[in-house]
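Quick one: this structure, given as C-alpha cells, is what I'll be asking you about.
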Amino acid sequence: MEVTEIAVDVSPTPGRSSRPELRWDPGGATGFAEGTLRVGPAGSLEVHSELVDLGSGIRISMTIRNPGGPGTSPVALDRLRLRLDAAPTRVMEHGWQSWSPVGPRRLRETHPRRLVAPAWVRSTYHAEGRLAGHAVCGDQFMLMTSASGGSVAGFLDGRRNLSTVLATPAGVVAIALLDGVVLGPGEERALDPMWIATGDPGKLYSELVDHWGSQSGARTAAPSPLGWCSWYHYFMKIRPDDVRRDLGYAHGHGFDLVQIDDGYAADVGDWFDPRPAFAPSQMEDLAAEITAKGIRAGIWTAPFLAGAHSRLARAHPEWLVADDHRRPVTAIWNPVTWRGTSHALDTTNPAVLDHLRETFSRLVGEGWTYHKIDFCYAAAMPGIRHASGKVTRAEALRSGLEAVREGAGDDAFILGCGCPLAQAVGVVDAMRVSADTAPKWSPGVMQVPGYPEPSPAARNAMVGTLLRAPMHRRLWVNDPDCLMLRNARTRLGADRRAAAKAVIAGTGGFTVVSDDLSLYGPEEWDQLSELREALGQTDHPLDIADPFAEVLEVSSPSSHLAARWAGSAPAPQAEDGSILVSGGDPARGPWARLSLRQPSSRA
Ligand code: 9PG
C-alpha cells in the first residue's frame, strides 16, 4: 500500500474545524513523496515527510510548516489528509473510545441512522462525530481486507492529534484532525506518526499495536485485579451496607479490589458531596474499611464532566467547553440517572487542571487507590476552549488525563472508561475496551431514540473485548467489563454466562465481578478460582488469527479462545489441551470455548 496524494485543509475559523468533506477534493492536493511538499490553498503550507521502514511496513512522520515570508499570515489547520491506494472489500470499523462500535463492515455499511443522532451521541462513536453515518471510520487505525490480501493504516501515537481512516467505495483516506490550531509564519507542528503495511490482517494488527505501544510509552505491567464492582447489580441504588456485605465475601475469597461505581455522589462532578445514603462520611469510612482488609479501595468518577445543575458547574461556568453561541456543550444527556445534561470541563484551562490534581490527590488521601475514570471523551469533544487555536482536542484530553495521574500519583491504578484510546496510552494502567455489559444478552429490539447504539448488553461487551484483544499488555491491561456469575436477578442463562466467562478468561483475565455475592454458591466460587488459575496462561499479549472471521480465535502462547457472537459458522476443532470453559451452543448462535495448552506444549 502507498500514499498517493496529500492535502492539508485550512479552517476559516481559528480554533475550529470546518465540516469534513467526504469527497477527495483535488484542490490543494499534490502527489506524495518523501521530503518537502507544498500543500494547502495556493501552496501556502509545507509538509515535510520522512519515510522509514518499520517491521513489515513503513512509518511516515510528518511536520506541517507555515513557511512565512512576505505577505504571509497565520493559518488555522483543519486536517491533513492522505489518500491511500488501498481497495478493500471489507474493513474494520473502529471508534475512538471504549464504548464506540467496533466490527467488520462492508464499505456501504455506514449505519445511516447515526446521521440523525444528537451531536453528543455521534461524539461517542467517532473522533470526527460528523462522519458518523456517512462513512465507515477506523479511528486511530483501520484494518482492511480484500480477495488479494490485507492491509492496515494507522497512527502510532495519539498525543498530538486525533485521527481517523475512512473507507468509502471511492477510496481510503487517512486523516489527522487538527481542530483549527493556528500556525503563525515560520511556525511548524509535528503530527503523530503513521504506519502503513500490507499482509495478513491478524498479524498486522498485533504488529501495529506493538509499534504503537512502544512509540507511546505504554504502561503494561500492572497486575490484573480480582475485584468486585457495584454497578451491574446495584446500579444507582447502591447503599453503603451493600458494599459492606459484599466486602465481607470479597475478603473471604481473596479479592484484591472492591470498587464503588456511580451512585454515591449527589451530582455529576460533585464527588465529595454524598447522596443522602452516603452522608455524611460513609465514603471515607468505606475506603478505610476496605483498605483495612488489605483490599484496594476503588472509586468511579467522571473527571471531565460537570452536571448542568452541579455545584461545580454553578461555581465555575467558565470551566466548561462551549459551543459557537457560548453555551456549554452537552457531553451526555441522561434523564434517568443524572437529571439530564452534563457538560464537559475545559482541560486547557489551568484552573481546571489544578482542580483535577486536587480532586485526585484528595481521593487518594481518603484511601481510594483504584480509579475508574469514566466519560473521558468529554475532554476531547469539539467546542471552544481556553486554548482553542493553540491545542488540538487530543492535546486537551491528554492534559486532563495527565493532571489526573499527577493528582493520583504513580502508584494509583487508573482504569480509563468511555475514554479515547490513543491519548490515554502511557497514563492509564487499564482500559475498558468495550461497550457496557448488562445482565442480559442483547440490547433488545427497541432502541431509545437519541441514546447510543452500543447500549448495555453482554453481547456488545463481548464484541469489543474480542476485537480489541491485541491491545492487552501492549497498550495497557484490557478491561473486558464486569463478569456476572449470579444465577438470580439476571436474564443471562448458564450458557451465556459461561460464554462471557470464557471470553473474559481468554482475553487476558481482568476479572471484576459485579454481583451481590450473597447469591453465590459453591459453583460460582469454583468458577472464579478456575478463572484465576487460567491467568498465568492467558494474561499475555494476544493475537487474533483473522479479525474478519465469524469465529474469532484469540491466542496467547499457552491459550486458545474461539468465540462467535452471532451467526453459525462452524466451530474450529478444539486444540489439544485442557478445555477450561465452554459456553453457548457451538451448532448455532453465540458461543465461546477457552482451551489451555498443556504446560509441555507451551511456547
Ligand atoms: C455508570 C456507568 C458504569 C459503566 C460505564 C458507564 O451513553 N450513555 O448514556 C452511557 C451511560 C452510561 C455508561 C455508558 C454510556 O456506562 O461504562 O461501567 O460505570 O457509566 O454511570
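These figures come from a predicted structure and were not determined experimentally.
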**Request:** Without swapping roles, check the side chain of S214 against the backbone of D210 for a donor-acceptor pair under 3.5 Å.
**Result:** yes
**No-hydrogen, no-angle side-chain donor-acceptor test under 3.5 Å, S518 and D516** = yes
**Request:** Apply ring-ring contact (aromatic ring centres under 6.0 Å, His included) to Y205 and F141, showing your working.
**Result:** CA-CA 9 Å; Y205 190 179; F141 67 94; 5.4 Å; yes
**Message:** Using a 3.5 Å distance criterion without hydrogens, assess whether the side chain of D429 forms a donor-acceptor pair with backbone atoms of I414.
**Reply:** yes
**Message:** So that I can tick it off, tell me whether D410 and R219 are bridged by a salt bridge, with the cut-off set at under 4.0 angstrom between side-chain N and carboxylate O.
**Reply:** yes
**Asked** Between H371 and F413, does the ring centre distance come in under 6.0 Å?
**Response** no
**I504 side chain reached by F510 side chain, heavy atoms, under 4.5 Å** = no
**Item:** Steps toward salt bridge (Lys or Arg N to Asp or Glu O under 4.0 Å) verdict (R468, D479)
**Value:** CA-CA 10 Å; R468 283 170 167 165; D479 167 11; over 6 Å; no
**Message:** Tell me if a side-chain donor or acceptor on E358 pairs with a main-chain N or O of H355 at a distance below 3.5 Å.
**Reply:** no
**Message:** Can a donor-acceptor pair be found, under 3.5 Å and without considering hydrogens, that links the side chain of Y377 to the backbone of A331?
**Reply:** yes
**Prompt:** Is there a ring-ring contact (aromatic ring centres under 6.0 Å, His included) between Y520 and W525 once you walk through the steps?
**Reply:** CA-CA 7 Å; Y520 281 20; W525 291 116; 4.9 Å; yes
**Message:** Please check: side-chain N/O of R474 versus main-chain N/O of V209, any donor-acceptor pairing under 3.5 Å?
**Reply:** no
**Request:** Report yes or no: does W96 contribute a side-chain atom to a donor-acceptor pair with the main-chain N or O of S123 at less than 3.5 Å?
**Result:** yes
**Asked** Hey, does the side chain of E93 reach the backbone of G103 with a donor-acceptor pair shorter than 3.5 angstrom?
**Response** no
**Residues forming a salt bridge (charged side-chain N to carboxylate O under 4.0 Å, His left out) with R357, sequence neighbours excluded** = D354, E406
**Message:** Pairing donors with acceptors under 3.5 angstrom, does anything connect the side chains of T369 and R296?
**Reply:** yes
**Request:** Spell out, as yes or no, whether a donor-acceptor pair under 3.5 Å connects the side chain of Q140 to the backbone of F155.
**Result:** yes
**Prompt:** Has R496 got its NZ or CZ under 6.0 Å from the middle of the six-membered ring of W441, at an angle within 45 degrees of the ring axis?
**Reply:** yes
**Asked** Does I332 reach the side chain of L305, with side-chain heavy atoms less than 4.5 Å apart?
**Response** yes
**Message:** I need the single residue from L528, L257, V512 that forms a side-chain contact (heavy atoms from CB on, under 4.5 Å) with L226. Which is it?
**Reply:** L528
**Prompt:** With a 4.5 Å limit on heavy-atom distance, are the side chains of D285 and R244 in contact?
**Reply:** yes
**Message:** Between Y264 and T301, is there a side-chain heavy-atom distance shorter than 4.5 Å?
**Reply:** yes
**Message:** With a 4.0 Å cut-off on N to O distance, would you call K203 and D543 a salt bridge?
**Reply:** no
**Exercise: do R497 and Q527 side chains pair donor with acceptor under 3.5 Å** = no
**Asked** Is a side-chain donor-acceptor pair under 3.5 Å present for D261 with Y232?
**Response** no
**Prompt:** Between S216 and G213, is there a donor-acceptor pair closer than 3.5 Å when you use the side chain of the first and the backbone of the second?
**Reply:** no
**Message:** Is it true that D139 and H94 share a donor-acceptor pair across their side chains at a distance under 3.5 Å?
**Reply:** no
**Item:** Pair K293 + E289, salt bridge at N-O below 4.0 Å
**Value:** no
**Message:** Quick test of your reading of the model: are R532 and D539 salt-bridged, counting only N-O distances below 4.0 Å?
**Reply:** no
**Request:** Quick one: sort the F375 and W300 rings into parallel, tilted or perpendicular, breaks at 30° and 60°.
**Result:** perpendicular
**Request:** Could you tell me whether the side chain of R593 and the main chain of A571 form a donor-acceptor pair under 3.5 Å?
**Result:** no
**Message:** If you compare all heavy atoms of Y234 against all heavy atoms of D246, which two are closest, and at what distance to 0.1 Å?
**Reply:** OH-OD2, 2.7 Å
**Item:** Partner residues of E395 under the side chain to side chain contact (heavy atoms under 4.5 Å, CB included) criterion, sequence neighbours left out
**Value:** R189, V391, T392
**Asked** Hey, does D157 have a side-chain heavy atom less than 4.5 Å from the side chain of P193?
**Response** yes
**Asked** R597 and H560: side-chain donor and acceptor closer than 3.5 Å?
**Response** no
**Message:** Restricting to salt bridge (charged side-chain N to carboxylate O under 4.0 Å, His left out), what partner residues turn up for K501, sequence neighbours left out?
**Reply:** none
**Fill in**
Taken in chain and number order and not counting sequence neighbours, the residues that satisfy salt bridge (charged side-chain N to carboxylate O under 4.0 Å, His left out) with E128 are R130
**Asked** In chain order, what residues pass the salt bridge (charged side-chain N to carboxylate O under 4.0 Å, His left out) check against E207, with sequence neighbours excluded?
**Response** none
**Item:** Between T337 and N334: side-chain donor-acceptor atoms closer than 3.5 Å
**Value:** yes
Show me the side-chain donor-acceptor pairs of residues 458-465 shorter than 3.5 Å, one per line, residues at least two apart or across chains.
unit_1 : atom_1 : unit_2 : atom_2 : d
N460   : ND2    : S455   : O      : 2.7
T465   : OG1    : A461   : O      : 2.7
T465   : OG1    : P480   : O      : 3.4

**Message:** On a heavy-atom basis, which atom in V352 and which in T347 lie closest, and how many Å separate them?
**Reply:** CG1-CA, 4.2 Å
